[in-house]
Structures are given as C-alpha cells and as structure tokens.
Amino acid sequence: MALFAVPNIIQDLIPAAASESINPWTWNLNLNASGLYEYLPTMHALSKFALLGACAVQSVMGLPEPVESREANLLKRNVDDWINRETPIAWQKLLCNIGPDGCAVRNQGVPAGVVVASPSRSDPDYFYTWTRDAALVYKGLADAFRRNYTEGLHTQLKNFVSSQAKLQGVGNPAGGLNDGQGLGEPKFMVDLKEFTGEWGRPQRDGPPLRAIALIRYAKWLVENGHKAVWPTIENDLKYSAQYWNQTGFDLWEEVPGSSFFTIASTHRALVEGAQLGAVLGKPTRAYTAVAPQVLCFQQSFWNAREGFVVSNINGGEWRRGRDANSILASIHNFDPSAGCDANTFQPCSDRALSNHKVVVDSFRSIYNINRGIAQNKAVAVGRYSEDIFYNGNPWFLATFAAAEQLYDALLVWKAQGSIAITQTSLPFFRDHVSGATVGTHAAGSATYNQIVSAITAYADGFIEVASKYAHSNGAMNEQIDRNTGQPIAAPDLTWSYSAFLTATARRDGYIPTGWGAGQATALPAGQCQKFEVAGNYNLPPTPVFPSNLTPAANAPVEQITAVPTGCTNPEKVFVTFNERASTSWGQVIKVVGNVPELGSWDVNKAVPLSASKYTSGDPLWSITLPIQAGSSVQYKYIRITNGVAGVSWEGGDNRAFSVPGATCDVQNRWDNWR
Ligand code: NOJ
Ligand code: NOJ
C-alpha cells in the first residue's frame with residue numbers, strides 16, 4: 001500500500017510549497033523520490049527548462065520581445081509553475097476523499113471505491129456520495145489509468161466497480177431496481193444506505209455517467225484479454241434507453257425538466273455502451289435504436305439566433321439558459337474522431353465555441369472579481385448567472401471546464417492542421433483575433449497562428465484565474481466568493497480536483513480514447529421519435545476479477561472500434577404499446593400479458609408505460625419492448641394507484657395479436673382504456 005503512504009509525505013511539503021522562496025526543482029525531486037511519480041504521468045520540468053532557455057537566449061541576443069508575446073510567456077510560465085505545484089496536491093486530495101483509506105474519510109464508514117463529495121459535514125454538509133460526482137471523478141481516474149497503468153489506480157477502479165454493483169440494488173426514495181427507477185437517485189449516505197431526506201430527484205444523468213466511467217475501465221479489460229464488467233453497465237444503459245425522454249432534475253439539482261448535460265451524457269453512454277456490448281456479444285439494439293433519437297432531441301436545445309445552448313428546457317425556462325451545464329457536456333463528450341462536429345457539440349464545433357463565449361460573457365459583469373477584465377481575457381466562471389446558492393458565485397470546476405474546452409479545441413485544430421470559422425463562431429474568434437474571417441485557415445497561415453497563440457493564452461488564463469483564488473497551499477473549495485475572491489463553500493470538493501486534473505491533462509496534450517462519436521454524429525431522417533425501450537433490471541453479481549489483471553504485454557487482444565448500427569437481433573421484434581388512458585397524479589399504466597416479456601401475467605412483473613408524451617389533450621401512455629418473433633401475445637393494461645395493492649384491470653377480453661417473423665420494423669399497438 002505504498003501509494004497511500006505517499007500523501008503524508010506530500011502533506012509535509014504543502015506548507016513549504018506555499019512559500020515563494022522554495023525552489024521548485026527540489027520540490028519535484030522530493031516528489032519523485034517519494035514514489036508519487038507513479039501518479040504523475042507528466043512533470044512539467046522540461047517545458048519549464050525550454051521556456052527559461054528561450055527567454056535567456058532572447059535577452060542575450062538583445063532582440064526586442066513584442067509586448068504581447070512577453071505577456072504570453074509570463075502567463076505560460078506562471079501557469080506552468082502553478083500546475084507543477086498543484087498536480088500532486090490535487091491527486092492527493094482527490095484520493096483523500098475515496099474510501100476506505102482516503103486520508104479525509106478513513107475510519108468513517110466509507111466503503112472501498114465510494115467517493116465522498118467533500119469531507120465537509122456542515123455548511124454545507126457534503127458528506128454524502130453523489131452518483132454524478134463519483135462517476136465524473138472515476139471517468140477521469142479511468143482515463144488516467146489507461147494513460148499510465150499503476151496498481152494503486154487499478155485497485156481504485158476495481159473498488160468502484162464493486163461499490164456501484166452493490167449500490168444499484170439499494171432501494172431509495174426514487175424507487176427500486178425492479179423497474180430501474182431507483183437508479184435515478186442522485187445521492188446516498190457514504191455507507192451506501194439510502195438518503196431519505198427531501199431532494200431534487202430523480203437526476204437522470206447519474207446512470208449514463210456511471211456507465212461511461214465503468215465502460216472506460218471495461219474497455220481496458222477487454223483490450224487486455226479479460227471479459228468486461230457488464231451487468232452493472234447494462235443496468236445503467238437500460239435506464240438510459242428507457243427514461244431518457246422523461247423529465248428530471250438538472251445536474252445542479254434545482255430545476256425539473258430536460259437538461260442538456262443529461263441528454264448529451266445519455267447519448268454518449270448509449271453509443272459507447274453499444275460499442276462495448278457488441279464486442280461482448282450482448283444485445284445492443286435498444287441502445288443503437290435510441291441513441292440517434294437522443295441526439296435528435298439534443299439539437300432542440302440550440303438557440304441559433306443567439307448562438308448558445310439553452311441548458312434547461314421543458315421546465316427550466318425561468319433561467320436564461322446560459323449555463324456551465326453546456327460547457328461540461330461538451331468537454332465530457334470530447335472525441336476527436338468526430339472532429340469539430342456540431343451535432344455532438346464537440347469542443348471545437350462552431351456551436352460549442354459560440355456557446356463558450358455566450359456563457360463566459362454572462363459572468364463578466366455580474367461578479368465583482370471579474371470587473372474591469374478585458375473581453376479577450378479569462379474570468380471566473382459560475383454555474384449560471386441567476387444562481388443564488390451561497391449568493392451565487394464562480395465555481396472552480398466551471399472555470400476549469402472553460403479552459404478544458406479550449407485545450408480540446410486546440411488539440412483538434414493542430415491534428416487537423418486547420419481552423420474553420422463560420423458565421424456562428426465568428427464572434428468568438430473576433431474577441432481574440434479582430435481580423436478573423438469566415439473560412440478555413442490552414443496551419444501556417446497568419447490567422448491560424450494568431451488564433452492558436454491567442455486561444456492558448458485565453459485557455460491558460462482560466463487556469464490562472466483558478467490559481468489566483470485557490471488556497472495558497474493548493475486546496476480548493478467548491479466556490480470562489482464573487483466579491484472577495486475567497487475560496488468558499490464545500491472545502492476540498494472532490495470534483496474541483498478532478499476538474500483541474502482533466503483540464504491540465506488536455507493542456508499536456510493527452511487525449512482520452514474515443515467513445516465512437518465519429519460514427520454517431522448523424523441525425524435520423526425526418527422528425528425525432530421519442531422512442532423509450534423498457535428494460536429488465538437485475539442485481540449485478542458481486543464482481544469477480546481475474547487474479548493476474550495486468551496490462552497485456554503484447555498487442556491488445558481485442559480491439560474495440562466499430563459502433564453497431566442499424567438493426568441487430570431482428571428476432572427480437574420491437575413492439576410499441578400505445579394506450580390512451582386519462583389518469584390522475586400518481587397513477588401509472590402498465591401492460592401485462594402471457595409472454596415472459598410481458599411478465600407472464602404476473603402483476604408484479606408488469607411493464608410500466610411512460611407518460612412522457614401525455615398531455616391533457618392527448619392522454620397517451622407508451623413503451624417499446626422487444627418480444628420474441630412469432631409469439632402469440634395476449635395482454636391487458638392495468639392502472640396502478642399507490643403500488644400494486646391498488647391495481648385495477650381494463651374490462652373486456654384479453655387483447656391479442658401475433659408478432660411477425662424476424663423484422664426490423666417497429667410494430668405499433670394503438671389501444672384505448674376500456
Ligand atoms: C442547493 C443548491 O442550489 C444545489 O445546487 C445543491 O446541489 C444543493 N443545495 C445541495 O448542496
Ligand atoms: C452541488 C452541485 O450542484 C451538484 O452538481 C453536486 O453533485 C453536489 N453539489 C455535490 O458536489
């Protein structure tokens with residue numbers, strides 16, 4: 001367990017690091033000697049050498065340095081220095097919040113692999129585990145692990161898999177695992193018991209985000225010749241395919257409605273999940289059928305006239321919609337295989353860049369600490385301008401996200417050897433290069449060069465802002481006081497450290513392996529269909545890992561590349577049950593029938609229909625589910641009030657139909673309650 005001994009050594013170093021006089025070189029040396037190097041894929045010593053060298057040469061030769069490049073060099077050096085100091089601290093502090101041994105949570109009943117949001121137990125009490133925070137943190141850990149294998153990180157990942165397999169079975173106020181609804185519960189006690197207080201639930205980003213994090217690790221397993229951890233992933237994917245079109249609370253846990261971040265995360269999970277499932281020989285048709293429809297819906301958040309993503313619709317309209325929600329969606333769905341695709345809001349897409357400007361600008365005048373900062377310079381970024389939580393402040397994680405999107409864009413531009421500017425992205429570019437014009441600017445052209453240096457400096461500026469407001473010992477909270485710049489609320493927020501580490505990894509040029517975005521940018525022809533596929537959910541068995549799980553010495557055993565498209569397993573015919581039934585609040589319509597897919601007449605196994613298309617003018621309940629080709633089906637709808645105790649059956653004879661032979665066409669049943 002040498003890994004966990006390391007943080008103490010760093011702890012001793014932290015006060016020293018705060019002092020200006022400390023020599024950063026000895027600092028790095030100490031770190032290396034301590035063994036923490038294992039966790040630090042890239043040190044910045046070399047780049048710093050190179051930079052100092054360049055400055056020295058210039059002054060020796062007496063060449064006048066243009067003011068802008070002097071400013072840029074200084075900025076780069078400051079940011080390099082802070083990142084050098086902050087990186088080991090962020091790693092240490094992030095791991096401190098993970099059970100059972102993390103230094104801030106040990107001996108406090110936190111099981112292995114459970115991420116505590118912040119050690120703070122009051123004002124605010126964040127001593128809980130949120131599915132979203134945990135998944136985003138572990139997504140970062142899995143990507144770091146894929147970049148650089150360490151046994152310590154591997155243990156963490158296995159712990160995460162085990163903890164989440166267990167957590168999926170914990171009944172809670174959002175529901176149980178039976179129909180999947182319990183997966184939408186946003187937070188739990190740190191010992192994995194349910195949290196019974198009032199809360200904004202469900203939050204439907206948790207399951208897809210967790211699937212994404214688990215898939216990252218599962219792909220590594222497959223590539224190294226081991227079978228993946230599928231059952232836990234599968235529950236989350238089924239949830240995503242079933243509930244994506246139902247409203248829920250946004251990632252800030254405040255507004256019920258449809259949230260851009262949730263929808264974008266769902267799209268990615270379904271695409272990447274289908275890719276993994278195909279390699280493992282699992283059924284994936286529900287995911288491949290639903291994913292393009294999710295992407296289709298995602299387009300409706302785009303406000304073309306004003307060039308930004310309206311982050312909350314179908315309920316969140318009291319806010320203006322400019323929200324770091326959309327920047328987080330963009331960075332967490334980054335995949336260079338999709339280039340600068342606008343449908344998936346890739347970080348370098350014209351839409352995402354325009355959105356970056358609109359969102360960042362919405363924070364320029366409202367926070368005192370941002371006053372007087374020029375339009376082409378970075379500022380502190382919050383969640384959304386109407387925020388009143390702790391009076392509404394900038395957040396570390398949102399400020400890092402603004403940097404990360406730009407680093408992502410720079411990576412793709414450099415790989416493509418060009419930058420495309422459209423009418424949509426022109427205002428973003430004009431802030432930084434006043435002479436920028438619409439068109440494609442090839443590497444080597446003056447405009448290309450100006451943009452790359454300006455955006456590099458702009459991105460670094462966001463890191464510099466965060467560095468300015470972090471505690472001098474490197475600790476970060478959740479927020480930055482809008483007036484004083486003091487770090488406030490939730491000290492040592494795990495997500496803040498994770499956001500720092502992912503942003504700076506991109507700055508280092510590290511691109512995580514893709515999720516198949518390049519094969520998943522096409523929109524379905526015609527209108528979007530709100531296709532919701534019922535899943536059957538199972539408690540995952542306790543995960544068992546082979547004893548000798550180390551990276552394969554040779555080429556990967558199985559390569560994961562293609563995302564399945566079209567219709568696989570046509571012997572499972574997709575049938576949509578549409579039932580018009582007026583219901584009152586709290587009632588649910590379910591379908592039950594003679595075939596196993598319809599619960600074999602067991603009311604406890606009846607399949608719930610979705611009310612997402614229900615309006616007062618058209619009380620439509622519907623659900624799609626696969627049924628074996630050729631089945632003779634008998635079924636009826638039931639109305640449930642307050643659990644299965646209050647079942648009422650439709651009148652009349654059983655309804656009946658025959659499922660055709662294998663086909664890819666969805667069969668529709670249109671019924672009215674009787
Ligand atoms: C209220 C805040 O506005 C919300 O964003 C937060 O998640 C909860 N309190 C929990 O701290
Ligand atoms: C409040 C944030 O709004 C939410 O996104 C987060 O999950 C919790 N705090 C815990 O960090």
Side-chain angles (χ1 to χ4, degrees), residues 90 93-94 96-98 102 104-105 110 114-140 164 167 172 174 183-190 195 197-210 212-213 248-257 259-265 311-312 316 319 323-329 331-332 359 381-401 475-480 487-502:
K93 288 188 156 283
L94 183 152
C96 273
N97 293 348
I98 302 180
V105 301
V110 185
V114 171
V115 177
V116 177
S118 148
S120 172
R121 286 179 183 263
S122 64
D123 191 23
D125 183 359
Y126 269 32
F127 206 75
Y128 296 94
T129 186
W130 271 263
T131 304
R132 168 185 38 264
D133 297 45
L136 291 174
V137 165
Y138 264 101
K139 171 175 175 270
Q164 301 307 301
L167 188 61
N172 59 65
L183 300 174
E185 176 69 9
K187 81 174 198 186
F188 291 84
M189 312 303 285
V190 297
F195 164 73
E198 259 182 59
W199 210 250
R201 56 170 69 90
Q203 294 177 19
R204 304 192 193 279
D205 58 339
L209 291 173
R210 178 168 54 202
I212 291 165
F249 280 80
D250 71 324
L251 77 167
W252 310 133
E253 318 187 283
E254 294 171 338
V255 279
S259 163
F260 184 77
F261 178 78
T262 303
I263 293 299
S265 305
S311 284
N312 297 290
R319 295 183 191 163
D323 194 317
N325 173 319
S326 53
I327 294 181
L328 288 164
I331 63 171
H332 285 295
V359 173
V381 178
R383 298 193 294 183
Y384 54 93
S385 62
E386 302 88 345
D387 198 354
I388 53 163
F389 185 39
Y390 281 78
N391 296 325
N393 295 295
W395 282 40
F396 283 100
L397 69 92
T399 306
F400 288 128
M476 288 186 283
N477 296 43
E478 179 182 68
Q479 306 181 28
I480 301 162
I488 57 164
D492 288 327
L493 185 81
T494 322
W495 191 354
S496 295
Y497 296 117
S498 175
F500 164 83
L501 291 169
T502 59

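Positions are given from 1, in the same order as the sequence printed here. Just so you know, ligand 1 is whichever comes first in the structure, and atom 1 is the first atom listed for that ligand. This is a predicted model, so every value here is computed, not measured. Computation of the quantities below employed the complete heavy-atom set of this structure, encompassing side-chain atoms and omitting hydrogens, waters and symmetry-equivalent molecules.
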Between the main-chain N or O of P491 and the side-chain N or O of S118, is there a donor-acceptor pair closer than 3.5 Å?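 Answer holds: yes.
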Test item: side-chain donor near acceptor, D387 and W252, under 3.5 Å: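 Per modelled atom types, D387 and W252 side chains form no pair under 3.5 Å.
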Looking only at side-chain N and O atoms, does W130 offer a donor or acceptor that is under 3.5 Å from a partner on Q203?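 Result is no, nothing qualifies.
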Give the numbers and elements of all ligand 2 atoms closer than 4.0 Å to a heavy atom of [X].
X    : result
Y126 : 1 (C), 9 (N), 10 (C), 11 (O)
L251 : 3 (O), 4 (C), 5 (O)
L493 : 11 (O)
D133 : 6 (C), 7 (O), 10 (C), 11 (O)

I'd like the name of whichever of R383, Q479, E253 reaches closest to atom 3 (O) of ligand 2 through any heavy atom.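 Answer by nearest heavy atom: R383.
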Considering only heavy atoms, which of W395, F261, F249, W495 lies nearest to atom 2 (C) of ligand 2?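 Nearest heavy atom to atom 2 (C) of ligand 2 lies in W395.
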Does some non-hydrogen atom of E478 fall short of 4.0 Å from ligand 2?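 Yes.
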Do any heavy atoms of T494 fall under 4.0 Å from ligand 2?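 No.
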Evaluate the side-chain proximity of Y390 to P124: yes if any heavy-atom separation is below 4.5 Å, no if none is.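 Result yes, sub-4.5 Å side-chain heavy-atom pair found.
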Is any side-chain heavy atom of W395 closer than 4.5 Å to one of F400?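 SC-SC contact between F400 and W395 ruled out.
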Among R383, R132, R201, R319, which one satisfies salt bridge (Lys or Arg N to Asp or Glu O under 4.0 Å) with D250?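 Checked R383, R132, R201, R319 against D250; only one passes salt bridge (Lys or Arg N to Asp or Glu O under 4.0 Å): R319.
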Side chain, backbone, both or neither: the part of [X] lying under 4.0 Å from ligand 2 by heavy atom:
X    : answer
K187 : neither
F389 : neither
W130 : side chain

For the residue pair Y128 and F188, is the inter-centroid distance of their aromatic rings smaller than 6.0 Å?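 So the answer is no for these two rings.
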Of R121, E478, K187, which meets side-chain hydrogen bond (donor to acceptor under 3.5 Å, both in side chains) against Y126?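 One option only clears the test, and that one is E478.
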